[in-house]
2 protein chains.
Amino acid sequence: MAVRADALRNRETLLAAGRALLSRESAEIAFEDVAATAGLGKGTLYRHFPTREHLVAALLQERFDALTTDAEFLLGADYPLDAVEHWLRTYDRYPVSARGLSARFGEALADRESAVSTACVPMKQGFAALLARAQEAGLARRDIDVAELLAVIASLPRLSRDEDGSSPFLDVILRGIRA
Amino acid sequence: MAVRADALRNRETLLAAGRALLSRESAEIAFEDVAATAGLGKGTLYRHFPTREHLVAALLQERFDALTTDAEFLLGADYPLDAVEHWLRTYDRYPVSARGLSARFGEALADRESAVSTACVPMKQGFAALLARAQEAGLARRDIDVAELLAVIASLPRLSRDEDGSSPFLDVILRGIRA
DNA sequence: ACCTGAACACCGTTCAAGT
DNA sequence: ACCTGAACACCGTTCAAGT
């Protein structure tokens with residue numbers, strides 16, 4: 001049950017390499033290259049992260065956690081709908097950047113089986129609570145699937161981005177959510 | 001300048017093979033397999049379709065054409081906003097199905113350089129005209145990027161689909177479009 | 001003018017051998 | 001218990017030789 005020190009260190013090295021690759025290339029990452037950049041064997045990479053999805057999930061974990069905290073905090077806000085919109089803007093602005101990553105993210109969020117999907121369950125629940133409050137106040141529509149909403153926003157084409165990193169199309173969606 | 005008969009026939013065979021592959025597999029298509037299924041050499045495939053995008057564009061052409069015709073027809077409708085919504089529902093329901101295809105489609109639509117993008121210029125223009133009419137009537141918002149709107153709808157997660165093939169999330173977007 | 005398929009390269013994945 | 005890298009497989013792409 002004890003985790004060897006070198007195993008832990010390797011895991012960190014792999015994550016660092018993954019982070020570097022994801023932020024550099026706008027396109028796709030050669031999974032193999034993560035191992036190479038980390039200076040480790042391919043087998044080690046596969047041992048720690050069975051699929052590239054698992055690596056992505058681990059990399060996004062911090063962001064998920066931050067967003068979960070945000071949601072919990074906003075639960076105490078005065079205006080439920082404002083809280084929902086504020087959270088979604090933050091969510092959208094989060095530089096899931098790195099092109100392919102956001103697309104993959106969107107697909108994964110909608111697919112309940114995926115590694116990323118389970119990694120962000122708390123975040124989803126946090127936002128669902130926020131939304132529920134707005135719905136109960138009669139401010140938001142009830143026919144909204146949280147997973148789909150988040151997936152759509154995550155995969156908003158990253159082309160037309162404003163300077164602050166937000167997507168102009170988000171306004172259309174926010175407006176569509178209101179009751 | 002004259003096209004050889006066998007070249008034309010091969011092109012059709014390749015398209016048929018591509019169609020078959022795209023409708024069967026829910027996931028991705030091995031580009032190579034298109035040539036194999038068609039019973040032709042890889043070189044022939046590459047001659048006709050330099051990238052898999054070009055093949056996809058050719059396959060989608062009929063649909064684009066049909067949608068362009070729809071848009072032209074609806075330009076004569078009585079209620080501009082209804083016309084816009086009707087057209088978008090048809091667009092959404094079009095079984096661009098085959099999983100990966102719709103995602104690829106969404107990305108391509110947003111990317112002006114892509115082969116798919118140029119293939120659907122008339123369709124985009126047709127819809128843009130419909131939308132402009134609704135905007136002039138004060139029924140639709142003006143801050144809408146046509147390419148982005150179509151790209152988003154095309155990449156709506158294909159998971160939660162109603163029986164008729166439409167996405168429930170489309171309602172959120174339609175509502176968000178209204179002035 | 002077009003077609004073919006061998007040949008090369010790249011990348012994902014596994015696993016026997018090592019520590 | 002974990003790491004390594006050779007080895008295999010698959011697929012994309014090119015191109016010299018053929019018709």
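Convention: sequence-line order gives letters A, B, ...; per-chain numbering from 1.
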Expected rows: protein N/O vs nucleotides 17-19 of chain C N/O, under 3.5 Å:
none

Checklist entry - Salt-bridged, A:Arg89 to A:Asp171, with N to O below 4.0 Å? => result yes

Next on the checklist: I'd like to know if the side chain of B:Thr44 and the backbone of B:Leu40 have a donor-acceptor N/O pair within less than 3.5 Å.
Outcome noted: no

Item to check | Qualifying side chain to side chain donor-acceptor pair (under 3.5 Å) pairs, either residue in residues 119-133 of chain A, two or more places apart | outcome: none

Next on the checklist: Measure OH/B:Tyr46 against P/D:dG12 and give the value in whole Å, please.
Outcome noted: 6 Å

Checklist outcome for this item: Here the helical stems involving DNA chain D, each at least 3 consecutive Watson-Crick or G-U pairs closer than 3.5 Å, sorted by first residue number, are C:4-8 with D:12-16, C:12-16 with D:4-8

Next on the checklist: Hydrophobic clustering (ILVMFWY, side-chain heavy atoms < 4.5 Å, transitive) - are B:Ile153 and A:Ile177 grouped together?
Outcome noted: yes

Item to check | Separation of atom CZ in B:Phe49 from atom C1' in D:dT14, rounded to whole Å | outcome: 19 Å

Checklist entry - Should B:Tyr46 and B:Leu21 be counted in the same cluster of Ile, Leu, Val, Met, Phe, Trp and Tyr side chains packed under 4.5 Å apart? => result yes

Checklist entry - Within this structure, what is the CG-to-P distance between B:Leu45 and D:dG12, rounded to whole angstrom? => result 9 Å

Checklist entry - Separation of A:Arg11 atom CZ from D:dA1 atom C1', in whole Å? => result 17 Å

Next on the checklist: Quick check on C:dT14: is either OP1 or OP2 less than 4.0 Å from any side-chain nitrogen or oxygen of A:Arg47?
Outcome noted: no

Next on the checklist: Using side-chain contact (heavy atoms from CB on, under 4.5 Å), reason through A:Phe49 and A:Leu15 one step at a time and then give a plain yes or no.
Outcome noted: CA-CA 10 Å; A:Phe49 306 103; A:Leu15 282 173; 3.9 Å; yes

Each nucleotide N or O in nucleotides 5-10 of chain C that has a protein N or O under 3.5 Å away: list the pair and distance.
unit_1	atom_1	unit_2	atom_2	d
C:dG5	O6	B:Gly43	N	3.2

Next on the checklist: Between the side chains of B:Arg19 and B:Glu62, is the shortest nitrogen-to-carboxylate-oxygen separation below 4.0 Å, so that they form an ion pair?
Outcome noted: yes

Checklist entry - Taking B:Asp92 for the side chain and B:Leu88 for the main chain, is one N or O donor matched with an acceptor at less than 3.5 Å? => result no

Checklist entry - Got a sec, which pairs hit side chain to side chain donor-acceptor pair (under 3.5 Å) with one end in residues 76-88 of chain A, sequence neighbours left out? => result A:Glu85-A:Arg178

Would you give me the side-chain donor-acceptor pairs under 3.5 Å for residues 68-77 of chain A, sequence neighbours excluded?
unit_1	atom_1	unit_2	atom_2	d
A:Thr68	OG1	A:Phe64	O	2.7
A:Thr68	OG1	A:Met123	N	3.4
A:Thr69	OG1	A:Asp65	O	3.0

Item to check | Gap between atoms NE2 and P, on A:His48 and D:dA1 respectively (whole Å) | outcome: 15 Å

Item to check | Salt bridge present between A:Arg142 and A:Glu136 (N-O < 4.0 angstrom) | outcome: no

Checklist entry - Between B:Phe31 (CZ) and D:dT14 (P), how many Å, whole number? => result 11 Å

Checklist outcome for this item: To the nearest angstrom, the CG-P distance between B:Asn10 and C:dC2 comes to 11 Å

